[in-house]
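Counting starts at 1 for both ligands and their atoms, following the listed order. Computed from heavy atoms alone, side chains included, the values below leave out hydrogens, waters and symmetry copies.
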Amino acid sequence: MNVQQNKAFEPQMYPVRSTFNIPEAPEKASILGLKAGLDGVPKEDPYYVFETDRLRDMTMFWIGGFKALLIEGDPSAGKTSLVKQWHAKLNVPLGTVACSPDTQQHQIFGMLVPTESGTLRWQDGPVTKACREGTSVLLDEYNILEPGQASALNLVLEGNSWTIPETGEVITPAATTRFFATQNSIDSAAAVTGRNVLDVANEDRFVYMAVDFLKPEQEIDLIVRSLVAGGVAINIAKQIAGLTVDIANQVRSAFRAGASAIEKPLSTRAVLRWAKLTAMYSPGLKQQKRSGLHYALSRALKMPTSMEQAVSEFITLSCGFDQNLNQAGGHP
Ligand SMILES: Nc1ncnc2c1ncn2[C@@H]1O[C@H](COP(=O)(O)OP(=O)(O)OP(=O)(O)O)[C@@H](O)[C@H]1O
Ligand SMILES: [Mg+2]
């Protein structure tokens, strides 16, 4: 049988305030995680910001003894990264099922694989592994999963035992096994094609949480920190961060309102790239009477021409200068 690969699952308490950088958290609040050094723990993103409300929701889920959490939000709002960064901070391994309409049982639960000696050996899939270890599984883009496959998880999502048909082994999920499903909501203006409506029985097994983009001041702060770390002067960093975040939020609102040209919202990662490229391109382009903000946008992320034009217009309106710095007033 498959012996767990991770050596020791030693518990460790993590103080909320310092671990998640939430100064307003109670001084004595702490959360149970595992000692560092286990395989399968997501990599930490040094620029990741934990937003207080989301952190509270995650904490309640984690300490409340719940098994399954469904996280919904717009595309690129920060669903997957929240789950990953939470596990990175608590040093808890997180297996992932990248769901697609073709995802099959064996990619979720495991399968028999041939050995060198010509026999067959059972290999755990992410769900089975997490049940043995008492670790977590991320079911990413859950509502793309074919509903029948999602229903196969019903027993497990409640912490019940099940039998591996191929081996007859009965798996009982460890008490600390947790499931995280992320998805774009099906009823938002941002509904993405190809999403399935979860069957009610399956959906009923999840604690629910909505995730939104960072608040402007937090996103600005993140970008300023990153630009300054890269050697950009603080006043320039603040100016670029303020503009890019403001425009990104206009794009996000337009997307939600169903603006036809806006195919997708800008993620925090895309805004960060845009800000960095703006800082890099602006000095050289300024000599040529060209706008670094406009120029960097098309390099920061791939988008259809119609969307690029629409966002470019947002920039011009917000900054008061166009691609050729007409009506420029000393901006980047
Ligand atoms: N709170 C945050 N702090 C720092 N970066 C963030 C934050 N939230 C999101 N990001 C960044 O924005 C990008 C998009 O986030 P993520 O992949 O989590 O979005 P998603 O909601 O899962 O998107 P999709 O719907 O496309 O799966 C990532 O690179 C992520 O690191
Ligand atoms: Mg995601």
Atom pair CG/OH of Leu70 and Tyr208 - distance to nearest 0.5 Å: 7.0 Å
Applied to residues 209-228, the side-chain hydrogen bond (donor to acceptor under 3.5 Å, both in side chains) test, sequence neighbours excluded, yields Glu51-Lys215, Asp212-Arg256, Glu219-Arg252, Glu219-Thr268
Indicate whether the side chain of Ser76 and that of Ser267 have a donor and an acceptor atom separated by less than 3.5 Å. no
For the Mg ion (ligand 2), report each protein N, O or S atom nearer than 2.8 Å, sorted by chain and then by residue number. Thr80 OG1
Write 'none' if nothing qualifies; otherwise put on separate lines each N/O atom of ligand 1 with a protein N/O atom under 3.5 Å away and their distance to 0.1 Å.
from	atom 1	to	atom 2	distance (Å)
ligand 1	1 (N)	Val49	O	2.8
ligand 1	3 (N)	Val49	N	3.0
ligand 1	12 (O)	Arg269	N	3.4
ligand 1	18 (O)	Lys79	N	3.4
ligand 1	18 (O)	Thr80	N	3.3
ligand 1	18 (O)	Ser81	N	2.7
ligand 1	18 (O)	Ser81	OG	2.6
ligand 1	19 (O)	Gly78	N	3.2
ligand 1	21 (O)	Ala77	N	3.2
ligand 1	21 (O)	Gly78	N	2.9
ligand 1	21 (O)	Lys79	N	2.9
ligand 1	21 (O)	Lys79	NZ	2.7
ligand 1	22 (O)	Thr80	N	2.9
ligand 1	22 (O)	Thr80	OG1	2.8
ligand 1	23 (O)	Ser76	N	2.9
ligand 1	25 (O)	Ser76	N	3.2
ligand 1	25 (O)	Lys79	NZ	2.8
ligand 1	25 (O)	Asn184	OD1	3.2
ligand 1	27 (O)	Glu141	OE2	3.0
ligand 1	29 (O)	Arg269	NE	3.1
ligand 1	29 (O)	Arg269	NH1	3.2

Short side-chain donor-acceptor distance under 3.5 Å, Thr182 and Glu141: no
Describe, in one word, how the ring planes of Phe50 and Phe20 are oriented to each other, choosing from parallel (under 30°), tilted (30 to 60°) and perpendicular (over 60°). perpendicular
Report yes if the side chains of Leu157 and Leu155 come closer than 4.5 Å at any heavy-atom pair, otherwise no. no
Assess whether a salt bridge exists between Glu308 and Lys302, defined as any Lys/Arg side-chain N lying under 4.0 Å from an Asp/Glu carboxylate O. no
Looking just at side-chain N and O atoms, do Thr119 and Thr115 make a donor-acceptor pair shorter than 3.5 Å? yes
My understanding is that only residues two or more places apart in sequence, or in another chain, count here; which of them pass salt bridge (charged side-chain N to carboxylate O under 4.0 Å, His left out) with Asp246? none
